[in-house]
Asker: 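Encoded as structure tokens, here's the structure I'll be asking about.
First listed ligand is number 1; within each ligand, the first listed atom is number 1.
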Amino acid sequence: MAAFDTIIRGGTIATASDTFVADVGIREGRITALGESLSGADDIVDARGKLVLPGGIDSHVHISQPSGPGIVMADDFNSATLSAAFGGNTTVMPYCLQAKGQSLRAALTDYHALAAGNCHIDHAFHLIISDPTDSVLGQELPALVADGYSSFKVFMTYEGLALSDYEILSVLSVARETGATVQIHAENYDAIRFLTDKLEQSGKTAPYYHAISRPIPVEREATHRAISLAELIDVPIVIVHVSNRGAMEEIRRAQQRGLKVTGETCPQYLVLTEDDLKGVEMEGAKYVCSPPPRDRDSQIACWEGLQQGIFTLFSSDHCPFRYDDPAGKLNPKGRSSFRWVPNGIPGIETRLPILFSEGVSKGRISLSQFVALTATEAAKTYNLPNKGAIAIGMDADIALWDPNKTCKIAQSDLHHGADYTPYEGIEITGMPVSTLLRGQFVVRDGVYVGAKGRGKHLARAPRKSA
Ligand code: URP
Ligand code: ZN
Ligand code: ZN
């Protein structure tokens with residue numbers, strides 16, 4: 001019997017701390033050897049001149065999530081995970097949204113049914129808590145954490161989702177008791193409602209006014225409040241999709257005070273601005289997401305956050321809607337006001353190439369920082385077992401990158417279900433060319449060779465100490 005199923009030969013391996021040339025030996029889905037001149041495998045992959053990186057972990061994606069009457073998300077688990085694999089990812093963390101009045105168990109049953117047999121890569125759910133009743137807080141959540149669902153998301157805004165500070169404190173208390181990790185969407189709901197009403201009353205209804213309805217102070221204030229609530233309970237939190245300097249500095253100050261606050265940012269805050277929402281007619285709707293892209297200084301601040309370790313997570317916040325579709329951005333109500341344009345943009349396949357190209361290729365971050373931001377830290381933050389690193393014993397979740405390959409991002413090359421990409425035309429240097437999930441190719445030299453249904457659900461233990 002051969003020593004290995006696969007050897008990846010002669011590539012440059014990067015971890016969150018090192019870069020070195022070695023062979024990777026893979027057996028039964030795991031990395032079993034790192035060394036020179038490994039031999040004895042059915043499949044020997046020549047990786048000379050390539051980078052051998054941990055498969056990306058996209059720890060913030062929305063798939064098949066109900067998004068309001070008549071609105072349909074553009075991706076199901078099949079298309080989203082296929083697109084993710086082509087973008088160099090091996091794990092995604094989608095949301096399981098609890099509808100008001102619904103039990104979280106019932107919500108999970110629904111999402112597992114959607115995912116089962118349809119995933120090309122692995123997945124693990126975060127639980128969105130929209131209805132923190134006594135039984136949800138007292139019984140369901142502790143039982144679900146014990147069953148491997150150890151992260152929640154709570155919202156400070158959105159009709160039907162926003163929790164009061166009292167409710168957020170209640171969820172944070174459960175997280176402290178159970179060792180769960182809580183993500184917080186930090187925007188001030190009342191301020192957004194007030195500004196939205198004022199804008200509509202003065203006839204300012206075009207997509208661009210979405211950005212004006214939720215300016216930086218709306219996010220900065222909520223970030224400060226979220227941190228304060230977590231401080232009261234003494235529990236770690238993750239502030240997701242941070243878009244600007246004010247919110248970034250709130251997180252930095254909290255970290256400097258010794259609070260366990262993790263920051264996440266996304267590609268849209270590095271390469272888009274609110275000017276993108278000004279497109280002709282309704283074109284700006286393609287960029288409507290929350291928080292909105294900001295300005296040049298906000299982009300610089302987000303880069304500083306990544307470079308200085310204020311942000312340790314870089315996710316896509318993939319939340320895809322078709323543009324030219326009555327069930328998407330151009331739904332009839334959406335044409336009448338930005339208020340009704342579904343929030344969210346696609347980005348599951350472009351997240352890694354954008355960060356690699358703008359970050360590593362342009363010298364803003366090191367290759368090890370790239371690996372940490374896109375895989376290793378997500379695995380640590382969310383306790384993903386055996387994921388996020390090229391090391392002996394880990395799952396052989398690997399992306400092979402050609403650091404010199406160039407392209408222009410184009411919708412026609414992508415595999416998601418949306419009919420556009422907000423990143424059309426961006427020049428990229430450095431692309432994933434192959435993706436292996438637990439030792440087996442999903443994409444090989446740009447060609448799909450995987451099997452729908454190979455992706456599995458990952459149960460996750462809680463944090464060790466509260
Ligand atoms: O606009 C966005 N980001 N939509 C997705 C939902 C969320 O808040 O993450
Ligand atoms: Zn959010
Ligand atoms: Zn999101």
Side-chain angles (χ1 to χ4, degrees), residues 57-68 71-75 80 84 92-98 111 123-130 151-163 168 171 181-189 192 196 207 209-211 213-214 218-219 222-223 226 237-244 247 262-270 272 274 276-277 284-294 302 311 313-323 328-329 331 334 338-348 350-351 378 382 416 418 422:
I57 298 173
D58 196 340
S59 59
H60 182 157
V61 303
H62 303 264
I63 304 173
S64 290
Q65 197 177 299
S67 306
I71 305 296
V72 181
M73 234 172 222
D75 273 312
V92 288
M93 299 189 73
Y95 290 90
C96 164
L97 168 66
Q98 175 200 25
Y111 279 87
H123 62 284
F125 289 109
H126 305 291
L127 307 175
I128 292 180
I129 300 167
S130 69
S151 53
F152 318 147
K153 182 175 181 187
V154 295
F155 286 79
M156 298 173 88
T157 190
Y158 287 136
E159 185 86 42
L161 278 180
L163 301 190
I168 292 172
V171 172
T181 299
V182 182
Q183 302 177 329
I184 305 191
H185 177 128
E187 287 185 296
N188 182 312
Y189 183 42
I192 293 167
T196 299
Y209 293 104
H210 170 79
S213 74
R214 41 217 315 156
V218 162
E219 185 184 342
T223 302
I237 51 165
V238 179
I239 305 288
V240 289
H241 44 48
V242 179
S243 73
N244 69 85
T262 298
E264 173 204 78
T265 193
C266 314
Q268 48 270 43
Y269 308 119
L270 300 181
L272 302 178
E274 68 178 21
D276 289 302
L277 279 83
K286 291 179 175 174
Y287 305 89
V288 165
C289 60
S290 295
R294 307 288 186 186
C302 288
F311 302 146
L313 300 174
F314 185 77
S315 73
S316 67
D317 193 7
H318 178 73
C319 186
F321 300 97
R322 289 173 55 80
Y323 171 67
K329 297 282 189 182
N331 70 85
F338 66 85
R339 187 197 288 266
W340 304 110
V341 174
N343 282 205
I345 59 178
I348 205 165
T350 45
R351 169 185 78 121
Y382 299 117
H416 60 196

Asker: Once you measure the plane-to-plane angle for His123 and Phe125, does it fall in the parallel (<30°), tilted (30-60°) or perpendicular (>60°) bin?
Answerer: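 Because their plane-to-plane angle is over 60°, the rings of His123 and Phe125 count as perpendicular.
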Asker: If you consider just the N/O/S atoms, which atom of His185 is the closest one to the Zn ion (ligand 2)?
Answerer: ND1
Asker: With a cut-off of 4.0 Å, which atoms of ligand 1 are near a heavy atom of Asn343?
Answerer: 1 (O), 2 (C), 4 (N)
Asker: Taking the non-hydrogen atoms of Tyr95, is any one of them nearer than 4.0 angstrom to ligand 1?
Answerer: no
Asker: Please name the atom of Asp317, restricted to N, O or S, that is closest to the Zn ion (ligand 3).
Answerer: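 Going by distance to the Zn ion (ligand 3), the closest N, O or S atom in Asp317 is OD1.
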Asker: Is His318 close enough that one of its N/O/S atoms sits under 2.8 Å from the Zn ion (ligand 3)?
Answerer: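 It does not; every qualifying atom lies at 2.8 Å or beyond.
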Asker: To the nearest 10°, how many degrees is the angle Lys153 NZ to the Zn ion (ligand 2) to His241 NE2?
Answerer: 120°
Asker: Indicate yes or no: does an N/O atom of Cys319 lie under 3.5 Å from an N/O atom of ligand 1?
Answerer: no
Asker: Under 2.8 Å from the Zn ion (ligand 3), is there an N/O/S atom belonging to His60?
Answerer: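 For His60, the answer is yes, given that an N, O or S atom comes within less than 2.8 Å of the Zn ion (ligand 3).
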Asker: I'd like to know whether the aromatic ring centres of His62 and His318 sit less than 6.0 Å apart in this structure.
Answerer: no
Asker: Heavy-atom distances under 4.0 Å are what count here, so tell me which part of Gln183 touches ligand 1: side chain, backbone, both or neither.
Answerer: neither
Asker: Working to the nearest 0.5 Å, report the span between NZ of Lys329 and CD1 of Ile71.
Answerer: 9.5 Å
Asker: Note the single closest protein heavy atom to atom 9 (O) of ligand 1, along with its residue, its atom name and the distance in Å.
Answerer: Lys153 NZ, 2.9 Å
Asker: Does the distance from a Lys or Arg side-chain N to an Asp or Glu carboxylate O, for Arg214 and Glu274, drop under 4.0 Å?
Answerer: no
Asker: Hey, mind stepping through Gln183 and Ser151 against side-chain contact (heavy atoms from CB on, under 4.5 Å) and telling me if it holds?
Answerer: CA-CA 7 Å; Gln183 302 177 329; Ser151 53; 5.7 Å; no
Asker: If we set the cut-off at 4.0 Å for heavy atoms, which region of Asp317 has an atom near ligand 1: side chain, backbone, both, or neither?
Answerer: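 For Asp317, the contact with ligand 1 is made by the side chain alone.
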Asker: What is the ring orientation for His126 with Tyr95, classed by angle as parallel under 30°, tilted 30 to 60°, or perpendicular over 60°?
Answerer: tilted
Asker: Is a donor from one side chain sitting under 3.5 angstrom from an acceptor on the other, for Tyr158 and Asn343?
Answerer: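 A donor-acceptor contact under 3.5 Å links the two side chains.
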Asker: What protein heavy atom sits nearest atom 1 (O) of ligand 1, and how far away is it?
Answerer: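 The protein heavy atom lying closest is Ser290 N, 2.7 Å.
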Asker: Testing Ile192, Leu277, Thr196 for side chain to side chain contact (heavy atoms under 4.5 Å, CB included) with His210, which one passes?
Answerer: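 Result: among Ile192, Leu277, Thr196, Leu277 is the only option passing the side chain to side chain contact (heavy atoms under 4.5 Å, CB included) with His210.
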